[in-house]
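For reference, the structure is listed below as structure tokens.
The basis for the numbers below is simple: all heavy atoms, side chains too, and nothing from hydrogens, waters or symmetry mates. This structure is a prediction, so every number in the text was calculated from the model and none was measured. Sequence positions, counted from 1, serve as the residue numbers for this chain.
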Amino acid sequence: KFKGGTSVDSVGWFPGKLDPTYIYNGMTYVNTWKPSHIIPRKTNIDAFLNHINFIFPDEGQADIFLDYLAHIFQKPWERPTWSVLHVSQFEGLGRGLVHSLISSICGRAGTNVKLSDMVNLPYNGYLFQTLWAGIEEVSQQATKLGAEVLKELITVTESNINDKYAPYRYGVPIFTRFFFMTNNPDAMMINDSERRFWVCGPCAMEYRPQKPNYYQDLARTFARQDFKAGVLEYLLTRDISKFNAGMCPAPTELKERMVLMSRTPVDDALTTIMHDEETYPPFASIRQIKHWISQIIEDEGSHINDRLSVQ
């Protein structure tokens with residue numbers, strides 16, 4: 001029995017619902033979710049907005065990211081079907097400071113995750129009662145299997161939680177938003193139709209971090225409670241009427257680069273075969289197609305070696 005004599009089946013966590021109980025899958029739960037421990041208050045947050053514009057310098061990207069952040073606090077129950085994958089050639093751009101700030105505002109609902117744990121381990125406790133998860137140092141290209149695992153984690157709305165130290169699994173709704181950070185343009189194996197990663201960041205190859213004192217001052221500012229209160233107030237009141245949680249933003253130049261780097265020699269050979277019907281007839285045996293693929297890859301390798309010898 002709960003307060004007032006209401007019968008409940010279990011204890012749960014459903015963000016955004018202010019009622020003490022809620023019904024999910026036909027069961028009644030006591031809701032243990034609480035809003036941020038920080039009380040929002042309007043203050044000057046130019047340092048935050050300027051830094052967001054710095055790490056998202058390309059047109060329109062800063063607004064998309066700010067909408068993504070605001071959506072966490074305005075509609076925490078509505079999980080987007082896509083995640084942010086920020087790419088920067090140089091380390092030390094200051095993305096970790098943003099992640100730490102948002103994680104701090106989320107309180108216990110903010111966390112850090114290692115990519116290797118997400119892909120290789122059966123434990124997924126980081127999905128339990130979280131709204132925001134940062135994944136830093138995505139340092140190598142994920143295998144196709146690993147990429148598929150991540151895609152499922154991004155879009156799933158309910159999952160059986162397998163916590164490392166829990167004695168049993170249990171099914172719960174999932175609300176976690178992921179913020180992937182990498183310095184590698186080939187961090188994920190994706191294709192043209194990929195809609196679960198918004199690949200963003202500075203396209204300019206010469207885009208470099210600020211001087212050390214900039215980050216020292218920024219870290220002190222981000223750590224202030226009054227500043228966190230100002231950021232929360234801004235995110236709670238920002239107009240996100242045009243934000244679509246179910247539709248990934250438009251493709252970017254960085255995504256196009258990542259798609260090209262994800263292609264294998266076999267992918268390129270098959271594309272050549274499909275688009276050159278004069279050389280490669282549309283009807284052929286599997287053995288013939290395999291022969292063509294080997295021939296194209298061998299010829300392309302010879303062309304590359306010739307160019308290298310000339311250089």
Quiz item: Checking side-chain contact (heavy atoms from CB on, under 4.5 Å) against W77, which of W33, F14, Y22 comes through?
Solution: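 With W77 as partner, W33, F14, Y22 yield a single side-chain contact (heavy atoms from CB on, under 4.5 Å), made by F14.
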Self-check item: Steps toward side-chain contact (heavy atoms from CB on, under 4.5 Å) verdict (Y207, L93)
Solution: CA-CA 9 Å; Y207 204 78; L93 208 62; 4.2 Å; yes
Any non-hydrogen side-chain atom of [X] less than 4.5 Å from a side-chain atom of [Y]?
X	Y	result
Y29	V8	no
L153	M118	yes
L127	V172	no
N183	Q89	no
L254	C203	yes
P20	V30	no
Y215	P209	yes
F197	V84	no

Taking [Y]'s backbone N and O only, do any of them form a donor-acceptor pair with [X]'s side chain (distance below 3.5 Å, no angle check)?
X	Y	answer
N31	K17	yes
T176	T130	yes
Q74	R238	yes
R177	P76	yes
K242	D67	no
R79	I154	yes
D186	M258	no
R95	T182	yes

Practice problem: I would like to know whether L66 and Y234 meet side-chain contact (heavy atoms from CB on, under 4.5 Å); could you show each step before the answer? | Solution: CA-CA 10 Å; L66 287 169; Y234 172 82; 3.8 Å; yes
Measure the spacing between [atom1] of [X] and [atom2] of [Y] and express it to the nearest 0.5 Å.
X	Y	atom1	atom2	answer
T32	W13	OG1	CH2	8.0 Å
I39	E233	CD1	CD	12.0 Å
T155	K151	OG1	NZ	10.0 Å
M188	K255	CE	NZ	13.5 Å
N213	Q210	CG	CD	9.0 Å
T237	L232	OG1	CG	9.0 Å

Quiz item: Does F222 have its ring centroid less than 6.0 Å away from the ring centroid of F227?
Solution: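 Yes, they do, as the ring centres are separated by less than 6.0 Å.
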Around atom [atom1] of [X], are there more than 12 heavy atoms of other residues, nucleotides or ligands at under 6.0 Å?
X	atom1	value
R41	CZ	no
E78	CD	yes
Q288	CD	yes

Self-check item: Check against salt bridge (charged side-chain N to carboxylate O under 4.0 Å, His left out), R196 and E194
Solution: CA-CA 6 Å; R196 280 154 289 197; E194 179 53 55; 3.4 Å; yes
Using the rule that Ile, Leu, Val, Met, Phe, Trp and Tyr join whenever any side-chain heavy atoms are under 4.5 Å apart, tell me whether [X] and [Y] fall into a single cluster.
X	Y	value
V11	F175	no
Y24	L18	yes
I23	M27	no

Quiz item: Is the F65 ring parallel, tilted or perpendicular to the Y68 ring (thresholds 30°, 60°)?
Solution: parallel
Exercise. Please assess I135 against M181 for the test side-chain contact (heavy atoms from CB on, under 4.5 Å), listing each intermediate value before the final yes or no.
Key: CA-CA 6 Å; I135 302 92; M181 293 161 273; 5.8 Å; no
Exercise. Scan side-chain atoms only and decide if T21 and T28 contain a donor-acceptor pair under the 3.5 Å cut-off.
Key: no
Quiz item: Cut-off 3.5 Å, side chains only: do D239 and S241 have a donor facing an acceptor?
Solution: yes
Which heavy atom in [X] sits nearest to a heavy atom in [Y], and how many Å separate them?
X	Y	value
T43	G230	OG1-CA, 3.1 Å
H37	G107	CE1-CA, 4.1 Å
I38	A229	CG2-CA, 3.6 Å
G201	Q61	N-OE1, 2.9 Å
P185	V87	CA-CG1, 4.1 Å
R195	G246	NH2-O, 4.1 Å

Residues 96-106 side chain polar contacts: donor-acceptor under 3.5 Å, at least two apart:
| from | atom 1 | to | atom 2 | distance (Å) |
| --- | --- | --- | --- | --- |
| H99 | ND1 | W132 | NE1 | 2.8 |
| H99 | NE2 | N112 | OD1 | 2.4 |
| S100 | OG | G96 | O | 3.0 |
| S104 | OG | K228 | NZ | 2.7 |

Compile the donor-acceptor pairs under 3.5 Å between side chains in residues 47-59 and protein atoms, sequence neighbours left out, one pair per line.
| from | atom 1 | to | atom 2 | distance (Å) |
| --- | --- | --- | --- | --- |
| N50 | ND2 | D46 | O | 3.1 |
| H51 | ND1 | Y214 | OH | 2.8 |
| H51 | NE2 | G94 | O | 3.0 |
| N53 | ND2 | L49 | O | 2.8 |

Exercise. Give the intermediate values and the outcome of side-chain contact (heavy atoms from CB on, under 4.5 Å) for residues Y126 and F178.
Key: CA-CA 11 Å; Y126 52 83; F178 293 119; 4.2 Å; yes
